[in-house]
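I have placed the structure first, in the form of structure tokens, so that the comments after it can refer back to it.
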Amino acid sequence: MNGDPHIGHAVDYCLADVCARYYRLLGDDVKFQAGTDEHGSKIAQKAADFGINEKEFVDEKVDKFKDFIKKLNVSYTDFVRTTDDWHEKRVQEIWRKLSKHIYKASYKGWYCTGCERFITDKEYEENDGICPDHQKSYEKLEEENYYFKISDFKEQIKEAIESDKMLILPDFRKKEILKLLEESPDVSISRPKSQLQWGIAVPDDDSQVMYVWIDALSNYITILDYPEKDISNWWPARAQFVGKDILRFHAIIWPAMLLGLGLPLPQTIVSHGMILADGKKMSKSVGNVVDPIEVIDKYGLDAFRYFFLRHIDTFNDSDFTWTKFEDAYNNELANDLGNLVQRLATLANKNNIIVDESKHGIKMLSKDYCDLMNNFEFAKSFDLVWEKIQGLNRRIDEEKPWALAKNGEKVKLEECLQSIIADLLKINIELSPFIPETTEKISKVFVGLVKPPEKPLFPKN
RNA sequence: CGCGGGGUAGAGCAGCCUGGUAGCUCGUUUGGCUCAUAACCAAAAGGUCGUUGGUUCAAAUCCAACCCCCGCAACCA
């Protein structure tokens with residue numbers, strides 16, 4: 001959380017939201033947790049840049065994140081700030097419980113006083129011993145750290161990943177992690193206070209603060225009041241959604257922590273790709289950053305959710321361009337879905353069709369849809385739903401209800417329209433995890449005496 | 001030889017695991033319809049499937065080598 005909410009966060013939240021809404025459709029009681037990771041050197045650095053203290057910095061940021069999540073219509077149930085008192089206390093308890101697997105050792109390596117970080121030997125060689133950002137020579141530095149013995153759990157983690165007891169999606173990431181796990185050394189989990197103050201204090205050692213990931217990963221269980229309470233009602237999690245860049249922490253360090261605590265591992269870790277801007281990584285220095293707020297304000301929230309859930313691959317990096325976005329908006333949201341609702345509502349209205357609400361409340365989900373959703377293939381599942389929408393447009397053309405009306409075939413007409421409306425309402429349910437605001441509007445149109453929406457669902461400019 | 005992903009019509013992608021007339025969306029062209037947000041439906045044009053070699057009756061698909069693009073490489077979703 002060392003910057004403002006960006007498009008990557010949005011994707012992460014939206015994916016998790018679709019998952020939560022889907023399981024609610026199935027009738028599950030879903031706990032959906034979000035939060036902010038507020039410690040660490042980057043945040044300390046940023047706060048210092050602004051000349052304010054860390055707490056002020058994160059207090060301001062957290063509001064932005066909460067507003068952002070709200071704006072995305074994300075149906076979370078719990079929110080953790082890693083600077084919450086109760087979180088900090090519980091993390092210290094977790095540290096104590098893991099102490100068997102923690103040891104102190106010194107780390108020696110090349111360090112840049114400008115970057116305030118250690119660099120790898122390879123990086124050292126590539127830069128000929130001089131930091132390109134600061135034009136300073138790297139220094140050999142030695143510092144005392146606590147280490148967490150990943151080695152105690154490697155075999156168990158490997159087994160869990162290989163057997164899919166802890167399923168890592170997509171498959172190629174699973175392979176990547178298995179490789180990484182083999183080579184994974186014990187991980188440094190603290191920093192001396194002389195280097196970094198902004199972190200949770202290591203219990204019984206005033207000289208050290210915790211490495212942010214120990215602190216951040218714990219949030220998944222501190223929210224459940226661990227360790228004071230039994231968490232088995234909610235843990236293990238059905239799924240955790242992470243960017244591919246932080247998968248390694250979730251797939252190696254986090255399971256090791258859980259095993260150390262004697263807790264089960266999450267059932268699924270879904271690693272999503274990054275959003276590229278016109279094929280390139282978004283970065284402030286290049287100036288190609290796409291602001292999600294701008295997209296939402298211009299086209300509406302569901303247009304945003306639509307694009308990022310359907311045309312952005314769930315697992316791979318994908319490209320955002322305004323042209324692609326606008327094409328999808330016009331051709332698909334406005335023409336396929338918006339126009340379908342409009343024409344069907346008008347036909348129904350002209351012919352005084354009355355929809356009996358009680359006949360359409362049943363949540364029938366198709367098997368194909370569920371299969372894809374269960375495998376977290378959200379974009380593909382969304383495609384499937386869209387095919388059905390296009391199918392309805394085709395069906396209206398084939399059955400020509402306007403011709404039936406002209407010929408005075410009232411019974412046939414009523415049957416035809418009722419049946420198409422029933423299908424639309426079925427589709428609407430499958431659509432609801434993705435674009436909930438729109439599906440709500442659609443259900444309101446087709447209740448009682450059908451009336452076309454006052455405003456088009458997706459107006460074109 | 002660090003690890004991984006990718007190279008298929010103008011663009012974006014699927015197909016590859018489990019070889020057998022190359023498919024989807026957008027764009028383009030033509031036709032149909034008129035309920036609808038100049039929307040909808042149908043049809044057509046357009047590809048030597050990165051390169052080279054191998055296996056096979058048959059390769060986008062399997063094997064080998066090579067070329068090119070892109071991520072990751074400890075605190076960035």
Side-chain angles (χ1 to χ4, degrees), chain A residues 1-3 5-15 37 39-43 117-120 122-123 170-173 175-180 182-185 187-189 191 196 199 211-216 241-249 252-253 271-276 279-283 310-311 313 315-319 321 323-324 327-328 330-351 379-380 383 386-387 390 392-406 417 452-453 455-461:
Chain A
M1 199 189 65
N2 50 53
H6 56 65
I7 209 133
H9 299 118
V11 169
D12 203 35
Y13 293 135
C14 287
L15 287 172
D37 168 16
H39 288 123
S41 56
K42 289 230 162 146
I43 286 166
R117 70 180 182 98
F118 283 97
I119 57 142
T120 59
K122 190 169 179 194
E123 212 174 331
D171 194 57
F172 65 83
R173 294 284 171 223
K175 281 188 214 147
E176 202 174 71
I177 287 296
L178 280 170
K179 203 83 165 200
L180 215 57
E182 258 170 54
E183 299 157 4
S184 215
V187 59
S188 160
I189 54 165
R191 300 296 308 275
L196 175 71
Y211 174 55
V212 286
W213 278 106
I214 294 295
D215 158 10
F241 292 84
V242 302
K244 67 173 185 185
D245 52 340
I246 58 166
L247 174 62
R248 58 183 55 204
F249 305 107
I252 297 175
I253 299 178
S271 158
H272 62 257
M274 302 288 172
I275 310 298
L276 307 175
K280 293 195 185 102
K281 204 172 166 176
M282 287 188 200
S283 84
R310 179 156 184 237
H311 291 299
D313 189 279
F315 302 121
N316 285 297
D317 289 356
S318 304
D319 204 28
T321 66
T323 311
K324 279 185 193 175
D327 282 352
N330 288 322
N331 294 327
E332 296 162 16
L333 282 173
N335 294 353
D336 288 343
L337 179 60
N339 183 54
L340 170 65
V341 169
Q342 198 72 36
R343 69 195 296 211
L344 188 54
T346 306
L347 277 166
N349 181 265
K350 282 184 180 170
N351 297 291
K380 285 193 180 130
D383 278 343
W386 214 261
E387 275 171 33
Q390 291 167 323
L392 278 192
N393 269 323
R394 206 174 309 132
R395 199 171 140 199
I396 294 176
D397 271 60
E398 281 163 6
E399 299 190 5
K400 300 181 179 41
W402 57 89
L404 296 176
K406 217 178 248 174
L417 289 178
K455 282 184 217 153
L457 293 179
F458 300 100
K460 291 201 214 171
N461 301 321

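Protein chains get the first letters and strands the later ones, always in sequence-line order, with residue 1 at the start of each. Just so you know, these numbers use all the heavy atoms, side chains as well, and skip hydrogens, waters and symmetry mates.
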Completion exercise
Note, RNA chain B 5' to 3' with Watson-Crick or G-U pairs under 3.5 Å encoded as ( ), [ ], | and . gives .(((((((.[[[[.)....(..]]]].(((((.......))))).....[[[[[..)....]]]]])))))).....
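When the C1' atom is used for both B:U18 and B:C62, the distance is 12 Å, rounded to whole Å. Remark: the separation of the P atoms in B:G2 and B:A65 is 15 Å, to the nearest Å. One P atom belongs to B:G32, the other to B:U48, and the distance between them is 33 Å to the nearest Å. When the P atom is compared between B:A60 and B:G54, the two are found 15 Å apart, to the nearest whole Å. Look at the C1' atom in both B:A9 and B:G5: the space between them is 24 Å, to the nearest Å. The same atom, C1', is picked in B:G7 and in B:G50; the two are 6 Å apart, to the nearest Å. One P atom belongs to B:G12, the other to B:G27, and the distance between them is 16 Å to the nearest Å. Remark: the separation of the C1' atoms in B:G23 and B:G47 is 12 Å, to the nearest Å.
Residue A:Lys460 places at least one side-chain N or O closer than 4.0 Å to OP1 or OP2 of B:A39. Side-chain N/O atoms of A:Asn335 include one lying less than 4.0 angstrom from OP1 or OP2 on B:C40. Listed pair A:Lys324 / B:C13 fails the phosphate criterion, with no side-chain N or O lying under 4.0 Å from OP1 or OP2.
As a whole-Å value, the separation of A:Lys400 NZ from B:C41 C1' is 9 Å. A:Asp313 places its CG atom 15 Å from the P atom of B:G12, with the value rounded to the nearest Å. Between the CG atom of A:Asn316 and the C1' atom of B:G12 there is a distance of 14 Å, rounded to whole Å. The CG-P distance, from A:Leu347 to B:A39, rounds to 19 Å in whole Å. Atom-to-atom, CG of A:Leu340 to P of B:C35 comes out at 16 Å; the value is rounded to the nearest Å. A:Arg248 has its CZ atom 13 Å from the P atom of B:G4, to the nearest Å. Between A:Asn393 atom CG and B:C35 atom C1' the separation is 11 Å, expressed in whole Å.
Applying the side-chain hydrogen bond (donor to acceptor under 3.5 Å, both in side chains) test to A:Arg394 and every residue at least two apart in sequence or in another chain returns nothing. With sequence neighbours excluded, the residues that form a side-chain hydrogen bond (donor to acceptor under 3.5 Å, both in side chains) with A:Asp336 are A:Trp386, A:Gln390. Partners of A:Asp383 by side-chain hydrogen bond (donor to acceptor under 3.5 Å, both in side chains), not counting sequence neighbours, listed by chain and number: A:Arg310. With sequence neighbours excluded, the residues that form a salt bridge (charged side-chain N to carboxylate O under 4.0 Å, His left out) with A:Lys324 are A:Asp319. Qualifying ring-ring contact (aromatic ring centres under 6.0 Å, His included) partners for A:Phe249, counting only residues two or more places apart in sequence or in other chains: A:Trp213. Residues passing the side-chain hydrogen bond (donor to acceptor under 3.5 Å, both in side chains) test with A:Thr321: none are found, sequence neighbours excluded. Residues forming a ring-ring contact (aromatic ring centres under 6.0 Å, His included) with A:His311 (at least two apart in sequence, or on another chain): A:Tyr306, A:Phe307.
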Which atom pairs link the protein and nucleotides 42-45 of chain B when you take only N or O atoms and keep those under 3.5 Å?
unit_1	atom_1	unit_2	atom_2	d
B:A42	OP1	A:Arg394	NE	3.4

Polar pairs (N or O, both sides) under 3.5 Å between protein and nucleotides 69-71 of chain B?
unit_1	atom_1	unit_2	atom_2	d
B:G71	O2'	A:Lys244	NZ	2.3

For nucleotides 26-29 of chain B, list the nitrogen or oxygen atoms of the protein found under 3.5 Å from its nitrogen or oxygen atoms, one pair per line.
unit_1	atom_1	unit_2	atom_2	d
B:C26	O3'	A:Asn331	ND2	3.1

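No hydrogens or angles were tested; on distance alone, nothing pairs the side chain of A:Asp12 with the base of B:A77 as donor and acceptor under 3.5 Å.
For A:Phe458, taking side-chain heavy atoms from C-beta onward, the closest of the listed nucleotides B:C41, B:C35, B:U37 is B:U37. The side chain of A:Lys42 has B:C76 as its nearest neighbour among B:C76, B:C75, B:C40. For A:His6, the side-chain atoms get nearest to B:A77 when compared with the rest of B:C72, B:G5, B:A77. Picking from B:C75, B:U37, B:C40 the nucleotide with the shortest atom distance to the side chain of A:Gln342 gives B:U37. Nearest to the side chain of A:Ile275, among B:C75, B:A36, B:A77, sits B:A77.
Taking 4.0 Å as the cut-off between side-chain N and carboxylate O, A:Lys179 and A:Glu176 do not count as a salt-bridged pair.
Side-chain contact between A:Ile252 and A:Leu247 is absent, with no heavy-atom pair separated by less than 4.5 Å.
Within the 4.0 angstrom heavy-atom criterion, base atoms lie near A:Leu457. As judged by a 4.0 angstrom heavy-atom cut-off over every strand, A:Gly8 is placed among the base-contacting residues. If you check every strand for non-hydrogen atoms under 4.0 Å, A:Pro185 touches a base. Within the nucleic acid shown, A:Val242 comes within 4.0 Å of sugar-phosphate atoms alone, with no base atom in reach, counting heavy atoms only. A:Gly40 comes within 4.0 angstrom of nothing in the nucleic acid, heavy atoms only. Across all strands, A:Phe241 comes closer than 4.0 Å to no nucleic acid atom at all (heavy-atom distances).
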Exercise for the section: Tell me, with the steps shown, if A:His6 and A:Ile275 meet side-chain contact (heavy atoms from CB on, under 4.5 Å). Expected result: CA-CA 10 Å; A:His6 56 65; A:Ile275 310 298; over 6 Å; no
Exercise for the section: Evaluate side-chain contact (heavy atoms from CB on, under 4.5 Å) for A:Leu178 paired with A:Glu182, printing each intermediate quantity in order. Expected result: CA-CA 6 Å; A:Leu178 280 170; A:Glu182 258 170 54; 5.7 Å; no
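Side-chain N or O atoms of A:Asn339 include none that pairs as donor or acceptor with a backbone N or O of A:Ala334 at under 3.5 Å. Using a distance-only test at 3.5 Å, with no hydrogens or angles considered, a donor-acceptor pair links the side chain of A:Asn331 to the main chain of A:Asp327. The backbone N or O of A:Val242 sits less than 3.5 Å from a side-chain atom of A:His272, completing a donor-acceptor pair.
Here the CG atom belonging to A:Leu196 is positioned 10.0 Å from the CD1 atom belonging to A:Ile43, to the nearest 0.5 angstrom.
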Which atom pairs, donor and acceptor, lie under 3.5 Å between side-chain atoms of residues 396-404 of chain A and protein residues at least two apart or in another chain?
unit_1	atom_1	unit_2	atom_2	d
A:Asp397	OD1	A:Arg343	NH2	3.0
A:Glu399	OE2	A:Arg395	NE	3.1
A:Lys400	NZ	A:Asp397	O	3.3

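Nearest heavy atoms, A:Pro452 versus A:Gln342: CB-NE2, 4.0 Å.
Where A:Ile246 and A:Lys179 each meet RNA chain B at their nearest nucleotide, the meeting point lying more 5' is that of A:Lys179. Residues A:Ser184 and A:Asp245 each lie close to RNA chain B; by heavy-atom proximity, the contact nearer the 5' end of the strand is made by A:Ser184.
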